[in-house]
Amino acid sequence: MGWFIAGRLLAAIPVLFGVSVVVFTLLHFAPGDVASVLAGPMASEAIKEAIRESLGLNRPLPVQFLKWLGNLLHGDFGTSLVYKRPVAEFIFEKFFNTALMAVSGALLACMIGITIGIFAASKAHSLFDRVTMAVTMVVGSTPLFWLGLILVLLFALTWRVFPATGMTSPVGGGGFLDVVRHLVLPAVAAAMPSAAIISRTARACMIETLGQNYIRVARAKGLRRNLILRKHAFRNALPPIATVCGLELAFLLTGVFFVEVVFAWPGLGNALYYAIIAHDIPTVQAAVLLIALSFVVINLAVDVLNAWLDPRIRVSTARQGGR
C-alpha cells in the first residue's frame with residue numbers, strides 16, 4: 001500500500017506543474033489588460049505603465065512564471081488585485097465554503113443514489129426500475145443552474161420554505177441552524193445530477209453482482225433476500241460504486257460554480273467568477289491550482305479506498321512494489 005500511495009503522489013507532481021503552466025499561460029494571453037482594469041478607463045498610459053512595472057507585468061513570461069512558482073513553493077500566493085488581501089487567506093476561506101456545500105451535496109447524492117440503485121437492481125426490468133431509470137436519465141442530463149433556479153422558484157419564492165441566497169441571514173443570522181437552512185437548496189441542487197449518475201452505476205453493478213454463481217448458491221441455501229443484497233451483493237459491488245462517488249465529489253468541488261452563482265453562495269466558484277471578470281490573475285491562478293490539487297487528492301483517496309476494499313488491488317500493488 002505504501003508503494004501505491006507514493007507512486008500516486010509522485011504522479012501528481014507533473015500534473016500540478018502542467019496545470020500551473022497552462023493556467024499561467026492562458027491567463028496572460030487572455031483578452032484584457034490588468035493595468036487598464038486597475039487604473040480605470042480615464043488613466044493615462046504612463047500610469048498604466050507604472051502599474052505594469054510595479055506588478056512585474058512588463059517582464060518576459062518565463063521570468064514572471066519562475067518568480068510566481070518560486071513564491072508558490074514558499075507558500076506565497078500573492079496579493080489579490082481586487083480585494084487587496086493575501087490570496088492564500090482569501091482563497092482558503094472561500095474554499096471551505098465550497099467544500100461545505102460540495103461535501104453535503106456528495107453525501108446526499110451517495111445516500112439517494114445508492115438506495116435507488118439497489119432497489120432498482122433488486123426489481124430489475126420492473127415498472128419501478130424503468131420509471132426510476134428514466135427519471136435519473138432526465139435529472140442527470142439537466143444543467144445545475146436550471147435545477148437551482150427551479151428550486152429557488154418553488155421553495156424560496158412560491159412556498160417560502162428556505163432562503164434563496166447567501167450563506168447566512170443578513171440580520172440575526174450566522175448560527176448553525178441558519179447556515180443549514182441556507183445550505184439545503186444549494187446542496188440539493190448540487191446533489192440531484194450526481195445522485196442520478198450514482199444510482200445508474202449502483203444499479204448496473206448490483207445487477208452484475210446478483211448474476212454471479214455465489215449469489216445463486218446463497219439463494220439456494222435459503223438466505224433472506226435482504227441479507228443477500230446487503231452482505232453478499234453490495235459488498236462486492238462497492239468498489240466501482242465508491243469510485244463513482246469519489247469522482248462525483250471531485251466534480252462537485254470543481255463544478256458547483258453555477259450553483260454558487262445562482263444561490264449567491266460565498267464560495268470559491270463565486271470568487272473565481274468575479275476574479276476572472278476583474279482580471280485578478282493571482283486569485284485565478286491560486287483558485288485553479290487549489291481546485292486541481294483537490295481533484296488529485298480525492299482521486300488518490302478513491303484509489304486507496306478501492307485498494308482497501310478489493311484485496312486483489314493490494315496484492316497487485318505489493319507485487320509491483322517488490323519488483
Less than 4.5 Å apart, side chain to side chain, heavy atoms only: is that true for [X] and [Y]?
X    : Y    : answer
L100 : V179 : yes
L55  : L81  : yes
L223 : H232 : yes
F24  : Q64  : yes
P282 : T79  : no
F145 : V259 : no
T165 : F263 : no
S199 : T132 : no

Heavy-atom donor-acceptor pair, [X] side chain to [Y] backbone, under 3.5 Å:
X    : Y    : value
N270 : V261 : no
H279 : A275 : no
N97  : P266 : yes
R216 : G211 : yes

Residues forming a side chain to side chain donor-acceptor pair (under 3.5 Å) with [X], sequence neighbours excluded:
X    : answer
Y214 : N236
N226 : none
T209 : none
R160 : none

Could you pull out every donor-acceptor pair under 3.5 Å between side chains of residues 119-129 and any protein atom, sequence neighbours left out?
{"from": "S122", "atom 1": "OG", "to": "I118", "atom 2": "O", "distance (Å)": "3.4"}
{"from": "S122", "atom 1": "OG", "to": "F119", "atom 2": "O", "distance (Å)": "2.7"}
{"from": "S122", "atom 1": "OG", "to": "R225", "atom 2": "NH2", "distance (Å)": "3.2"}
{"from": "S126", "atom 1": "OG", "to": "K123", "atom 2": "O", "distance (Å)": "2.5"}
{"from": "S126", "atom 1": "OG", "to": "D129", "atom 2": "N", "distance (Å)": "3.4"}
{"from": "D129", "atom 1": "OD1", "to": "R203", "atom 2": "NE", "distance (Å)": "2.7"}
{"from": "D129", "atom 1": "OD2", "to": "H125", "atom 2": "N", "distance (Å)": "2.8"}
{"from": "D129", "atom 1": "OD2", "to": "R203", "atom 2": "NE", "distance (Å)": "3.3"}
{"from": "D129", "atom 1": "OD2", "to": "R203", "atom 2": "NH2", "distance (Å)": "2.9"}

Any link between [X] and [Y] through a network of hydrophobic side chains (Ile, Leu, Val, Met, Phe, Trp, Tyr) touching at under 4.5 Å?
X    : Y    : result
M133 : L210 : no
L72  : L57  : yes
M192 : V262 : yes
F90  : I277 : yes
I51  : W68  : yes

Hey, could you give me the [atom1]/[atom2] distance between [X] and [Y], rounded to the nearest 0.5 Å?
X    : Y    : atom1 : atom2 : answer
I241 : T201 : CD1   : OG1   : 8.0 Å
L107 : L249 : CG    : CG    : 8.0 Å
D280 : L272 : CG    : CG    : 10.0 Å
E260 : M101 : CD    : CE    : 4.0 Å
L229 : R224 : CG    : CZ    : 11.5 Å
I197 : T136 : CD1   : OG1   : 10.0 Å

Worksheet item: More than 12 foreign heavy atoms under 6.0 Å from CD of E208: is that the case here?
Response: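 Count not over threshold, so no.
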Discussion item. Just checking F258: does its CZ atom have more than 12 heavy atoms from other residues, nucleotides or ligands closer to it than 6.0 angstrom?
Written reply: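 No.
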At their closest point, which heavy atom of [X] faces which heavy atom of [Y], and how far apart are they?
X    : Y    : result
V256 : L252 : CG1-O, 2.8 Å
W265 : H182 : CZ3-O, 3.7 Å
A156 : A164 : CB-CB, 3.6 Å
A286 : V87  : CB-CG1, 3.3 Å
A271 : K94  : CB-CG, 4.1 Å
N306 : P239 : OD1-O, 3.0 Å

Item to complete: Output the rest of the hydrophobic cluster of V63: all Ile, Leu, Val, Met, Phe, Trp and Tyr residues reachable through side-chain heavy-atom contacts under 4.5 Å, sorted by chain and number.
Response: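 V63 clusters with nothing; isolated.
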Discussion item. If you apply the rule side chain to side chain contact (heavy atoms under 4.5 Å, CB included), what do you find for V188 with L108, and how did you get there?
Written reply: CA-CA 8 Å; V188 170; L108 186 60; 3.9 Å; yes
Practice prompt. Sequence neighbours left out, what passes side-chain contact (heavy atoms from CB on, under 4.5 Å) with F251? Give chain and number order.
Written response: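 Testing F251 for side-chain contact (heavy atoms from CB on, under 4.5 Å), a comparison that skips the adjacent residues, returns L144, S194, E248.
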Discussion item. Could you work out, with salt bridge (Lys or Arg N to Asp or Glu O under 4.0 Å) as the rule, every residue matching R52, not counting sequence neighbours?
Written reply: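 Scan of R52 (salt bridge (Lys or Arg N to Asp or Glu O under 4.0 Å), adjacent residues dropped) gives D33, E45, E49.
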Discussion item. List the residues meeting salt bridge (Lys or Arg N to Asp or Glu O under 4.0 Å) with R85, not counting sequence neighbours, and say none if there are none.
Written reply: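 By the salt bridge (Lys or Arg N to Asp or Glu O under 4.0 Å) rule, R85 matches E89, E93.
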Which donor-acceptor pairs under 3.5 Å do the side chains of residues 9-22 make with protein atoms, sequence neighbours left out?
{"from": "S20", "atom 1": "OG", "to": "L16", "atom 2": "O", "distance (Å)": "3.4"}
{"from": "S20", "atom 1": "OG", "to": "F17", "atom 2": "O", "distance (Å)": "2.5"}

Worksheet item: Which residues pass the ring-ring contact (aromatic ring centres under 6.0 Å, His included) test with F155, sequence neighbours left out?
Response: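 With sequence neighbours excluded, F155 shows a ring-ring contact (aromatic ring centres under 6.0 Å, His included) to W159, given in chain and number order.
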Table please: side-chain donor-acceptor pairs of residues 293-301 below 3.5 Å, with sequence neighbours left out.
{"from": "S294", "atom 1": "OG", "to": "L290", "atom 2": "O", "distance (Å)": "3.3"}
{"from": "S294", "atom 1": "OG", "to": "I291", "atom 2": "O", "distance (Å)": "2.6"}
{"from": "N299", "atom 1": "ND2", "to": "F295", "atom 2": "O", "distance (Å)": "3.4"}

Worksheet entry | Chi angles and distances behind the side chain to side chain contact (heavy atoms under 4.5 Å, CB included) call for L177, R181 | CA-CA 6 Å; L177 294 179; R181 289 185 67 248; 5.5 Å; no
Fill in: Short side-chain donor-acceptor distance under 3.5 Å, T168 and D178
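Result is no, nothing qualifies.
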